[in-house]
Amino acid sequence: MKIDNWKLSGMSLSGKLWAMIVLALIWPSTMDAFPPAPHHTFQGMLRDEHGRPITSDDVKVFFETENGAVIRAEAGEVFEPGINYRIKIPMDSGATSELYETFAMKVQMPYKIHVKIGIRIYLPIEMLGSVRTIGRPGKITQLDLTLGEDADGDGLPDAWERALLGQGRTLADIKPGDDSDGDGLSNM
């Protein structure tokens with residue numbers, strides 16, 4: 001929005017101040033220009049369900065935000081010892097209640113991670129790392145992922161589902177929304 005100097009030139013200093021306050025109050029909230037915060041970086045080692053590092057050329061890490069936006073990064077190349085994936089997550093400054101972009105995250109927002117190797121989707125069976133810094137702008141979270149395939153696409157790793165088998169249960173009996181181990185949390 002442009003304010004021409006000639007319109008305010010005849011006003012007193014206090015009049016100009018009041019004009020600016022009124023302008024700030026009526027300015028649409030969608031036009032707030034709060035800058036994004038520095039990116040948050042997740043990095044670590046991707047391993048298969050047997051603990052072997054994944055070094056394939058066709059590896060992609062997908063980070064899904066709470067609202068379904070997906071951020072993607074190439075992986076599999078060893079960047080430095082103990083790190084074969086790195087994904088930078090855009091962070092919102094949190095200055096307003098709405099995100100500056102649909103793919104941005106705020107501190108402590110939930111997220112999902114999955115990995116695609118070739119045409120197969122893998123989910124973390126185990127996530128090891130410092131979770132204290134997850135979501136803090138400008139910080140790095142070391143997060144090592146042990147992956148398992150999700151052949152039936154229900155969001156649960158197959159190896160984890162197989163571990164729940166027994167007592168007459170089949171894979172069809174293990175559902176993401178159920179609480180198979182009785183800990184008060186869903187299988188998901």
Side-chain angles (χ1 to χ4, degrees), residues 29-151 153-161 163 176 183-188:
S29 64
T30 56
M31 298 184 77
D32 289 338
F34 292 102
H39 285 52
H40 181 84
T41 302
F42 285 90
Q43 66 182 23
M45 185 60 73
L46 297 175
R47 292 185 171 89
D48 65 17
E49 63 186 37
H50 302 289
R52 295 179 299 232
I54 296 170
T55 57
S56 171
D57 290 339
D58 194 15
V59 180
K60 294 171 184 61
V61 177
F62 294 88
F63 182 96
E64 186 176 339
T65 66
E66 184 176 46
N67 58 8
V70 177
I71 302 159
R72 184 187 118 196
E74 303 292 321
E77 171 190 339
V78 177
F79 298 109
E80 55 189 79
I83 298 174
N84 68 350
Y85 86 94
R86 184 174 286 142
I87 186 165
K88 293 183 181 263
I89 309 301
M91 295 294 294
D92 192 279
S93 66
T96 65
S97 61
E98 295 188 17
L99 298 172
Y100 79 93
E101 288 287 349
T102 57
F103 54 79
M105 296 287 291
K106 287 186 180 176
V107 175
Q108 302 303 317
M109 279 180 73
Y111 63 90
K112 295 178 185 175
I113 292 178
H114 68 271
V115 177
K116 187 174 181 182
I117 304 172
I119 60 169
R120 294 183 182 223
I121 301 292
Y122 294 86
L123 301 172
I125 297 173
E126 180 180 54
M127 297 170 68
L128 297 175
S130 172
V131 295
R132 292 186 316 260
T133 59
I134 289 178
R136 293 184 175 238
K139 301 292 183 180
I140 296 173
T141 296
Q142 179 76 22
L143 192 62
D144 296 332
L145 306 174
T146 302
L147 305 176
E149 188 174 4
D150 180 22
D154 64 358
L156 302 173
D158 298 341
W160 186 83
E161 289 176 308
D183 64 357
L185 300 172
S186 73
N187 291 336
M188 186 62 78

* Asked: Is atom CG of D183 surrounded by more than 12 heavy atoms (other residues, nucleotides or ligands) closer than 6.0 Å?
  ->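 Enclosed: over 12 neighbouring heavy atoms sit under 6.0 Å from CG of D183.
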* **Within 6.0 angstrom of K88 NZ, more than 12 heavy atoms from elsewhere** =>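 Count not over threshold, so no.
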* To do: Name the orientation class of the two ring planes belonging to H114 and F62 (parallel below 30°, tilted from 30 to 60°, perpendicular beyond 60°).
  =>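 Aromatic pair H114/F62 classed parallel.
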* For the residue pair F63 and F42, categorise the inter-ring angle as parallel (less than 30°), tilted (30 to 60°) or perpendicular (more than 60°). =>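 Judged by the thresholds at 30° and 60°, the geometry between F63 and F42 is tilted.
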Could you tell me which non-hydrogen atom of [X] sits nearest to which non-hydrogen atom of [Y], and how far apart they are?
X    : Y    : answer
F79  : R86  : CE1-N, 3.8 Å
G82  : Q142 : O-NE2, 3.6 Å
V107 : P137 : CG2-CD, 3.7 Å
L123 : I113 : CD2-O, 4.3 Å
P90  : I71  : CD-CD1, 3.5 Å
T141 : H40  : OG1-NE2, 2.7 Å

Contact between [X] and [Y] at the side-chain level, heavy atoms closer than 4.5 Å - yes or no?
X    : Y    : value
H39  : M91  : no
V115 : V61  : yes
I89  : Y111 : no

Straight-line distance of [X] [atom1] to [Y] [atom2], nearest 0.5 Å:
X    : Y    : atom1 : atom2 : value
L46  : S56  : CG    : OG    : 11.0 Å
L147 : I125 : CG    : CD1   : 7.5 Å
I119 : I117 : CD1   : CD1   : 12.0 Å
R120 : E149 : CZ    : CD    : 4.5 Å
R136 : M105 : CZ    : CE    : 14.5 Å
D92  : T65  : CG    : OG1   : 11.5 Å

* Asked: Thinking salt bridges, do E49 and R47 make one under a 4.0 Å N-O criterion?
  ->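 Here E49 does not pair with R47 in a salt bridge, since their nearest N and O are not under 4.0 Å apart.
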For [X] and [Y], indicate whether the former's side chain and the latter's backbone hold a donor-acceptor pair under 3.5 Å.
X    : Y   : result
D144 : M45 : yes
N84  : I54 : yes
K106 : S97 : yes

